[in-house]
Amino acid sequence: MPSPDNVMDKLVSLAKRRGFVFQSSEIYGGLGSVWDYGPLGVELKKNIKERWWRAMVHERDDIEGLDAAILMHPKVWEASGHVAGFTDPLVDCKQCKNRFRADDPRIKGTPGQPDAQCPVCGMKGTLTAPRLFNLMFKTFMGPVEEDAAVIYLRPETAQGIYVNYLNVLQASRQKVPFGIAQIGKAFRNEITPGNFIFRTREFEQMEMQFFVKPGTDLEWFEFWKAQRMQWVQGLGLHAEKLRFHQHAKDELAHYAKDAYDIQYEFPFGWQEFEGIHNRTDFDLSRHQQHSGKKLEYVDTATNERFVPYIVETSAGADRTTLVVLADAYHEEEVSGEKRVVMRFHPALAPIKAAVFPLVNKDGMPELARRIYDDVRRHVNVFYDDGGSIGRRYRRQDEAGTPFGITIDGQSTQDQTVTVRDRDTLLQDRVAADRLVAYLTEQLKG
Ligand code: ATP
């Protein structure tokens, strides 16, 4: 068994080499825990987000979509509790200027005392006593950089949904219970970021807030827990690497009555990549208090008024992408040669099929181009006529392309092609004019 670090190293290096993920601003030495998605990565992440949107918005009558701005009124973050509560205790080293979480296991001694030793420069007595540090990124709105102009980059997308809940309700004519879904960027000035795209300072969330009548929240909580696990399983992940983790009382966020994480067994251990939270009426009540606007729901059938409870499903698009990448990575030996293959669920694969003329003569390139032009109108395909057919297959294995379409000598005679399956390596002979139907059938689900 390769060591966990080794697996992550291989994944990071494959991600760079093949254009899934690059370090941000790499030519300047990189920017800490910020990553860019390359040609394959952007397709993979987009496929995950689209699958989520389809399941959460298009396939449901009771959920509406939203795209709220990243910048919000600063009072939002007072109401949400982020200004006061979104903090980690940190210590600084006065010598080397590094900053650590106060509970960093590498620190020896008590920070603030002469015995404490900096884990980076090794100096003793240079660590400050712990201070609270807010994880929100601050910036200024308008031309003057003064306290009154401070605004924040949102640390979660959820608040954009809460402040728009009445707008969406009225515009869509939904009735409680109903939900609002959103995919968007969030920013956290994380102090111990790391593990590639697992914990980053800029990331994307896929969040859905479901508004329910108080008293029905437990039922809906169970419903969404089950739905989300089902969706995650539908990504084709190894079932034994998925589990729920219920938050213990001392783990629960200030707003939550109950919370479950969906965890994945990453090479560095079991970690959350999605959370299902019963947020009660905390958020809407707080916004009601802070804004002075009534955020009650009126049930027209019974004339009851109430502030809805909220069941939230909150997933990271980048973290889910890491789950999909880690789960797909596979090494094996084929005919005495090592093969690295990304076994993505075909629906998530960045490229669905590659078209290869066996040789660049005898009418094969012309037919291959015709097939390529035909298929690309339906799915994302890649044309490759460079190098031996074996090398071309290997390149697509690393990209996780489920099907390799080869145009050979027989193709120009009878208009059939071979379709190679990435996982079984079996080849089917398919009529060129049936290819689109064949691929559509195989890519379903
Ligand atoms: P963690 O403790 O792992 O930082 P969290 O409990 O603070 O996460 P939530 O606030 O519940 O996470 O956010 C919901 C989801 O958003 C997480 O499950 C994760 O997928 C994603 N997420 C949160 N913070 C980050 C981050 N810094 N980088 C990437 N994804 C993140």
Side-chain angles (χ1 to χ4, degrees), residues 7-54 56 67 70 137 153-157 181-190 193-207 232 235-237 264 266-268 271-274 314-330 340-354 376 379-382 384 395-402:
V7 174
M8 281 310 287
D9 288 349
K10 285 180 182 177
L11 203 56
V12 173
S13 115
L14 176 120
K16 177 176 176 191
R17 187 158 40 83
R18 296 314 317 268
F20 284 98
V21 181
F22 308 123
Q23 201 182 6
S24 160
S25 321
E26 193 186 357
I27 60 169
Y28 289 100
L31 181 66
S33 286
V34 185
W35 298 88
D36 298 339
Y37 288 79
L40 292 181
V42 65
E43 295 289 337
L44 178 64
K45 186 164 141 187
K46 184 166 66 64
N47 290 341
I48 292 170
K49 289 188 288 182
E50 283 179 1
R51 199 174 169 83
W52 186 89
W53 194 261
R54 202 166 66 232
M56 300 299 275
D67 185 11
I70 288 170
F137 277 98
L153 302 188
R154 67 180 177 200
E156 63 176 28
T157 55
Q182 163 159 251
I183 299 178
K185 290 267 185 177
F187 302 82
R188 294 183 191 176
N189 199 0
E190 301 274 7
N195 280 329
F196 194 31
I197 53 172
F198 177 79
R199 185 173 284 114
T200 55
R201 295 193 165 108
E202 171 176 344
F203 56 97
E204 259 181 301
Q205 290 187 310
M206 310 187 285
E207 294 198 307
V232 162
L235 300 176
L237 307 170
Y264 179 77
F266 289 95
F268 43 86
Q271 293 284 346
E272 138 184 26
F273 66 107
E274 168 151 2
S314 174
D318 310 82
R319 231 180 248 186
T320 308
T321 303
L322 182 59
V323 168
V324 169
L325 280 168
D327 203 74
Y329 187 88
H330 191 77
V340 172
V341 52
M342 297 301 282
R343 293 189 191 272
F344 296 127
H345 185 307
L348 299 182
I351 303 171
K352 307 300 185 203
R376 77 194 303 186
V379 292
N380 191 25
V381 275
F382 185 77
D384 189 3
R395 280 202 289 263
Q396 291 309 312
D397 288 343
E398 279 191 341
T401 307

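What you see is a predicted model, and the numbers here were worked out from it, not measured in a lab.
- Checked against side chain to side chain donor-acceptor pair (under 3.5 Å), Thr401 has the following partners two or more places apart in sequence or in another chain: Gln396.
- Taking 4.5 Å as the limit, every side-chain heavy atom of Leu44 sits out of range of all side-chain heavy atoms of Tyr37.
- In this structure, the side chain of Asn47 engages the main chain of Ala349 through a donor-acceptor pair within 3.5 Å.
- With values rounded to the nearest 0.5 angstrom, His330 atom NE2 is found 4.0 Å from Arg343 atom CZ.
- The minimum heavy-atom distance linking Glu207 with Trp52 is given by the pair O-CH2, 3.3 Å.
- Rounded to the nearest 0.5 Å, atoms CG (Leu322) and NZ (Lys45) are 12.0 Å apart.
- Proximity of Glu398 to Arg17: side-chain heavy atoms (C-beta onward) are separated by under 4.5 Å at one or more points.
- A donor-acceptor pair under 3.5 Å links the side-chain atoms of Arg18 to the main chain of Arg395, judged by distance alone.
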Q: Report the C-alpha distance between Tyr264 and Val232 in whole Å, list the side-chain angles of each, state the deciding distance to 0.1 Å, and finish with yes or no for side chain to side chain contact (heavy atoms under 4.5 Å, CB included).
A: CA-CA 10 Å; Tyr264 179 77; Val232 162; over 6 Å; no
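- No donor-acceptor pair closer than 3.5 Å links the side chain of Gln271 to the backbone N or O of Phe266.
- Listed by chain and number, the residues in a side chain to side chain donor-acceptor pair (under 3.5 Å) with Thr320 amount to none (sequence neighbours excluded).
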Q. Taking it one step at a time, do Arg51 and Ile48 satisfy side chain to side chain contact (heavy atoms under 4.5 Å, CB included)?
A. CA-CA 5 Å; Arg51 199 174 169 83; Ile48 292 170; 5.8 Å; no
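- Side-chain contact between Gln182 and Gln205 is absent, with no heavy atoms from C-beta onward closer than 4.5 Å.
- The minimum heavy-atom distance between Phe198 and Glu272, with the atom names listed, is CE1-O, 3.7 Å.
- Nearest heavy-atom pair across Lys352 and Pro402 is O-CD, 3.3 Å.
- Of all the heavy atoms in Val7 and Pro267, the pair that sits closest is CG1-CG, 3.8 Å.
- Of the inter-residue distances, the one linking Phe268 atom CZ with Met8 atom CE reads 5.0 Å to the nearest 0.5 angstrom.
- Put simply, the side chain of Ile197 does not reach to within 4.5 Å of the side chain of Arg319, judged on heavy atoms.
- Residue-environment remark: NZ (Lys185) exceeds the threshold of 12 foreign heavy atoms within 6.0 Å.
- A heavy-atom distance below 4.5 Å is not found between the side chains of His345 and Leu235.
- For the ring-ring contact (aromatic ring centres under 6.0 Å, His included) test with Trp35, the passing option among Phe196, Phe203, Phe22 is Phe196; the others fail.
- The closest donor-acceptor contact from the side chain of Gln23 to the backbone of Gly30 lies at 3.5 Å or more, if one exists at all.
- One distance of note links CG of Leu11 with CZ of Phe20; it measures 9.0 Å at 0.5 Å rounding.
- Phe344 approaches Ala399 most closely through the heavy-atom pair CE1-O, 3.5 Å.
- Rounding to the nearest 0.5 angstrom, the gap separating the CZ atom in Phe137 from the CZ atom in Arg201 is 6.5 Å.
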Q: Please test Ile351 against Glu43 for side chain to side chain contact (heavy atoms under 4.5 Å, CB included), starting from the C-alpha separation and ending with a verdict.
A: CA-CA 8 Å; Ile351 303 171; Glu43 295 289 337; over 6 Å; no
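- Atom CG of Asp36 sits about 9.5 Å away from atom CD of Glu26, to the nearest 0.5 Å.
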